[in-house]
> 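I have a structure here, written as structure tokens, and I will follow up with some questions on it.
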Number of protein chains: 2
Amino acid sequence: MQSAMELYVERGFEQTTAAEIAERAGVTERTFFRYFADKREVLFGGASELQRIVLEAIEAAPTEASPVDAVLAGMFAGAERIGGNRDWSCQRAALLAANPSLMERELLKLSALGEAAADALRLRGVAALPARLAAHTGVSVFSIGFDTWVGADPPGDFAECIRMALAELRELTAAS
Amino acid sequence: MQSAMELYVERGFEQTTAAEIAERAGVTERTFFRYFADKREVLFGGASELQRIVLEAIEAAPTEASPVDAVLAGMFAGAERIGGNRDWSCQRAALLAANPSLMERELLKLSALGEAAADALRLRGVAALPARLAAHTGVSVFSIGFDTWVGADPPGDFAECIRMALAELRELTAAS
DNA sequence: GTTCTGATGTCAGCAACTGACATGGATGTC
DNA sequence: GACATCCATGTCAGTTGCTGACATCAGAAC
């Protein structure tokens with residue numbers, strides 16, 4: 001993972017071959033593909049852990065919490081996990097922004113996170129449609145908050161960026 | 001596009017080679033790749049037209065419409081374009097659901113649609129953050145409405161499914 | 001009639017990925 | 001201590017997605 005990140009930053013994602021990553025890591029190309037399904041997946045090692053944290057927080061939310069609040073609890077828990085190393089997040093975000101194929105993978109992971117969160121809501125007794133709506137709305141706020149956080153002069157830490165997006169969203173829905 | 005769709009349905013996306021699509025269409029593999037950037041793109045020919053329709057409807061929305069309402073006008077215009085042939089939409093949705101790599105591409109297109117819609121909102125004077133939030137929320141409602149529409153026993157046409165999702169979302173935000 | 005252009009074919013080649021089999025070192029068992 | 005087992009890795013050959021360079025050829029323009 002470290003070798004790949006270095007090479008992607010040094011010479012770009014498409015200009016880096018799997019063989020080169022493997023060589024820098026001291027293994028064969030075949031071994032690389034035993035650990036990562038494809039060249040992109042190497043940047044998404046933390047996705048499953050993030051999902052686990054989010055889901056656990058949703059489950060742990062108070063029973064009386066609304067679907068949206070439960071999802072938000074999950075998102076804040078996820079933000080706490082990521083919010084530590086902003087530099088790494090910025091570097092990674094720049095890579096994704098420059099490579100549509102990496103962005104595709106990111107969007108797939110976020111969508112999967114949304115579906116998993118919707119499942120968690122259903123376990124709390126929420127119906128299918130509102131569960132998906134609440135979950136994906138939460139992921140949107142998470143994602144847009146993330147963009148704010150890794151952008152120029154963020155208003156605070158990751159959680160604060162999420163709160164900011166959330167406040168904007170509430171204002172928007174009130175105005176409509 | 002027709003040859004590809006047939007083959008993808010007949011034997012699956014991954015089991016179909018670009019050479020086979022080309023052969024059925026009566027051209028060479030090289031010619032196939034001159035028209036489509038990759039094997040997936042052949043299923044997304046209508047994306048640019050859909051985006052154009054959505055953006056035009058956002059621009060055409062009354063000046064006093066709220067950001068959310070303007071985006072929704074765009075989504076309903078898009079729904080009108082797609083809502084005609086449900087059979088084709090179902091077939092395509094089944095393909096996407098069965099192939100993560102196709103779903104990735106779909107999510108990228110939807111995300112791009114959201115960003116374009118956000119740009120359209122900014123042209124109406126909306127600030128960056130609320131523009132993105134309203135746009136992506138609109139796309140979420142569009143997308144989840146689409147899933148309802150191509151699912152088992154939808155409550156009406158595509159537009160009606162969007163209205164249903166929208167009503168649910170309003171209820172959720174009111175409850176939070 | 002010539003020229004020019006645009007679509008297509010041909011061919012060689014790279015890189016992503018995969019399956020099948022070999023190897024070698026660590027671990028456990030008698 | 002010899003032996004069996006297992007797991008990670010290496011090796012190798014092959015398929016497929018995709019690209020660049022050049023050839024061809026039919027029709028439009030002049």
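Heavy-atom basis, side chains included; hydrogens, waters and symmetry copies ignored. Convention: sequence-line order gives letters A, B, ...; per-chain numbering from 1. Because the structure is a prediction, the values reported are computed rather than measured.
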> Looking at five pairs on each end of the helix from C/dG1-D/dC30 to C/dC30-D/dG1, what is the angle between the two axes, given to 10 degrees?
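Between the axes fitted at each end of the helix from C/dG1-D/dC30 to C/dC30-D/dG1 lies an angle of 10°.
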> Can you sort out the partners of B/R11 under salt bridge (charged side-chain N to carboxylate O under 4.0 Å, His left out), two or more places apart, ordered by chain and number?
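Once residues adjacent in sequence are excluded, the partners of B/R11 under the salt bridge (charged side-chain N to carboxylate O under 4.0 Å, His left out) criterion are B/E20.
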> For A/K109, give me all partners under salt bridge (charged side-chain N to carboxylate O under 4.0 Å, His left out), at least two apart in sequence or on another chain.
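Scan of A/K109 (salt bridge (charged side-chain N to carboxylate O under 4.0 Å, His left out), adjacent residues dropped) gives A/E41.
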> Kindly write out the residues that satisfy salt bridge (charged side-chain N to carboxylate O under 4.0 Å, His left out) with A/E6, not counting sequence neighbours, or none if the list is empty.
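In terms of salt bridge (charged side-chain N to carboxylate O under 4.0 Å, His left out), with neighbours along the sequence ignored, A/E6 is linked to A/R24.
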> Check this for me: does any side-chain nitrogen of one of B/E106 and B/R40 sit under 4.0 Å from a carboxylate oxygen of the other?
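B/R40 and B/E106: not salt-bridged.
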> Provide, to the nearest angstrom, the distance between the CD atom belonging to B/E41 and the C1' atom belonging to D/dG17.
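These atoms are roughly 15 Å apart.
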> Counting just side-chain N and O atoms, does B/Y35 come under 4.0 Å of either OP1 or OP2 of C/dT8?
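Checking B/Y35 against C/dT8: at least one side-chain N or O falls below 4.0 Å of OP1 or OP2.
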> I need the minimum non-hydrogen distance between A/S140 and B/H136, along with the two atoms involved.
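Nearest heavy atoms, A/S140 then B/H136: OG-CB, 4.3 Å.
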> Can you sort out the partners of B/D147 under salt bridge (charged side-chain N to carboxylate O under 4.0 Å, His left out), two or more places apart, ordered by chain and number?
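Applying salt bridge (charged side-chain N to carboxylate O under 4.0 Å, His left out) to B/D147 gives A/R132.
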> Tell me the closest heavy-atom pair linking A/A134 and A/V71, and the distance in Å.
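Of all heavy-atom pairs spanning A/A134 and A/V71, the closest is O-CG1, 3.9 Å.
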> Can a salt bridge be assigned to the pair A/R105 and A/D38 using a cut-off of 4.0 Å between side-chain N and carboxylate O?
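The answer is yes: the pair qualifies as a salt bridge.
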> May I ask you to evaluate whether B/T31 reaches the phosphate of C/dT8, defined as a side-chain N or O under 4.0 Å from OP1 or OP2?
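Checking B/T31 against C/dT8: no side-chain N or O falls below 4.0 Å of OP1 or OP2.
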> Can you give one letter per nucleotide of nucleotides 13-19 of chain C, going 5' to 3': B for a protein heavy atom under 4.0 Å from the base, S for sugar-phosphate only, - for none?
---SBBB
